[in-house]
Amino acid sequence: MKHKTLKGLQDILPPDIAVWQRIERSARDIFKNYGFGEIRLPIMESTDVFIRSIGETSDIVEKEMYTFEDKGGRSVTLRPEGTASFVRAYVEHHLYNNPAPQKYYYMGPMFRYERPQAFRYRQFYQIGAEAMGIEDPKLDAEIIALLSRILSGIGLEDLNFEVTSIGCKQCRPDYRKALKEFLGAKLDRFCSDCQRRFDANPLRILDCKVPSCIEERKGSPPVLDYLCGECEDHFSNLRNYLNLLSVPHRVNPNLVRGLDYYTKTAFEVSSENLGSQSAVAAGGRYDSMVKEFGGPDTAGIGFAIGMERIIPLIKDTIASPSGPDLLFCPLDGKAAEKALVLTEQLRTEGLWIEMNHESTSIRSQMRKANRIGAKNVIVIGDDELKTGKVLLKNMSEREDAKSSLQAGEILTKLRP
Ligand code: HAM
């Protein structure tokens, strides 16, 4: 084989694509109920869109971005996630001038140079949602309820919803100080990445995947103990609203997000059936990001669902797709011309019509009809052309119906 997909990338082929389309359709329907409009963002951005927002010391920025110079010498990056791109667009198009909350969703590929493994890809697809301009935790509850509706709407059950608060600009310095005191006492036992990040951003140490670092940070001070009054109220109200909306959830004080832009609410949805890559969706608030992008002080909250993580959880329940409504089997060149015209005419009636392009024997054409799951078959040979009459074979009931070689009559026989 001369060429293959790059490591960590995959082709998505029929019939699997039917599952993707079903999920996307279902999500779009639910987004409509919640007043979200679709936004399509470029796959590439100027690199600095991602660096400060996601965080200079995050794994994504330090190790995982597909960054290169374009022919004009500009540093560009394939988007590793959608939120930073979205906020860039939100500010660029002054979307904050529309009545709040402004609500948008997107679907598309993201790129991270991670070590590929099951359910972890270098190009992966997200369905993301962002809601802007409202600080009230009722919006947080609506967003988490929306995520829950989308996931249950596609048939996912037994998911764990975990929520926490990671504080704001007010309370973060106290927490940071407490964390540094705890970690600083044994910093030499952490990996070199953690040691490097200790001064710039000690919170990142909580996200390190090295087993010895996970062990060493056990017992570190929980962020929830350091929330300021406002963050504490926000979080307890959110929990109250989630209960009112009957969204089952658990508080996980150790929940850490891999992106730096979060403030207050953070959440993750996981499944026990995905091994180590258990997060199927995640999100949170990012109340300072719009300002950092040069826009007015505007709150924001959103989530993203990982398509490659949810598909393996539902695949078994999808029926295999059916075949064409009708297959024309011409026996020679003249018959093939007639079949070509009828195929085109009947397709305009909203039916799935196919014709065989090789005028082989009736036997081999029937074999093909079975392989592709054709519901009906019409054989056209010399006799059919002369008499203008054909038999419409129903493949499942093994019954034949007589018809003329006219699209209109064939149509009535196909749709009795
Ligand atoms: P994230 O947690 O980085 O958040 O990614 C969200 C989801 O994308 C993950 O829970 C996972 O399902 C999926 N995902 C991430 N990396 C991979 C990968 N390498 N292969 C397959 N799936 C993956 C964000 O991206 C935020 N932008 C979410 C957000 C929106 N926060 C606020 N608004």
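Start at 1 with the first residue, then count along the sequence. Remember, predicted model here, so these are calculated numbers, not experimental data. Atoms within a ligand are numbered from 1 in the order they appear, just like the ligands themselves. Values below: every heavy atom of this structure, side chains too, minus hydrogens, waters and symmetry copies.
Contacts between Arg122 and ligand 1 below 4.0 angstrom, taking non-hydrogen atoms only, are absent altogether. Only the side chain of Tyr262 comes within 4.0 Å of ligand 1, judged by heavy-atom distances. Neither the backbone nor the side chain of Val269 has a heavy atom within less than 4.0 Å of ligand 1. Neither the backbone nor the side chain of Glu268 comes within 4.0 Å of ligand 1, counting heavy atoms alone. Contacts between Arg112 and ligand 1 below 4.0 angstrom, taking non-hydrogen atoms only, involve the side chain exclusively.
At least one heavy atom of Tyr261 sits closer than 4.0 Å to an atom of ligand 1. The closest approach between a heavy atom of Ala281 and any atom of ligand 1 is below 4.0 Å.
Within the set Arg79, Gln277, Gln126, the minimum heavy-atom distance to atom 25 (O) of ligand 1 is found for Gln126. Of the listed residues (Tyr121, Phe124, Phe86), the one carrying the non-hydrogen atom nearest atom 22 (N) of ligand 1 is Phe124.
With respect to the salt-bridge test (charged N to carboxylate O, under 4.0 angstrom), the residues Arg204 and Asp207 qualify. A salt bridge does not link Arg120 to Glu308: none of the charged side-chain nitrogens sits closer than 4.0 Å to a carboxylate oxygen.
In the vicinity of Phe119, heavy-atom distances shorter than 4.0 Å reach the ligand 1 atoms 20 (N), 21 (C). Every atom of ligand 1 with a heavy atom of Gly283 under 4.0 Å away is listed here by number and element: 31 (N).
Listed by chain and number, the residues in a ring pair (Phe, Tyr, Trp, His ring centres under 6.0 Å) with Phe36 are Phe31 (sequence neighbours excluded).
Between the side chain of Arg347 and the backbone N or O of Ile353, at least one donor-acceptor pair lies under 3.5 Å.
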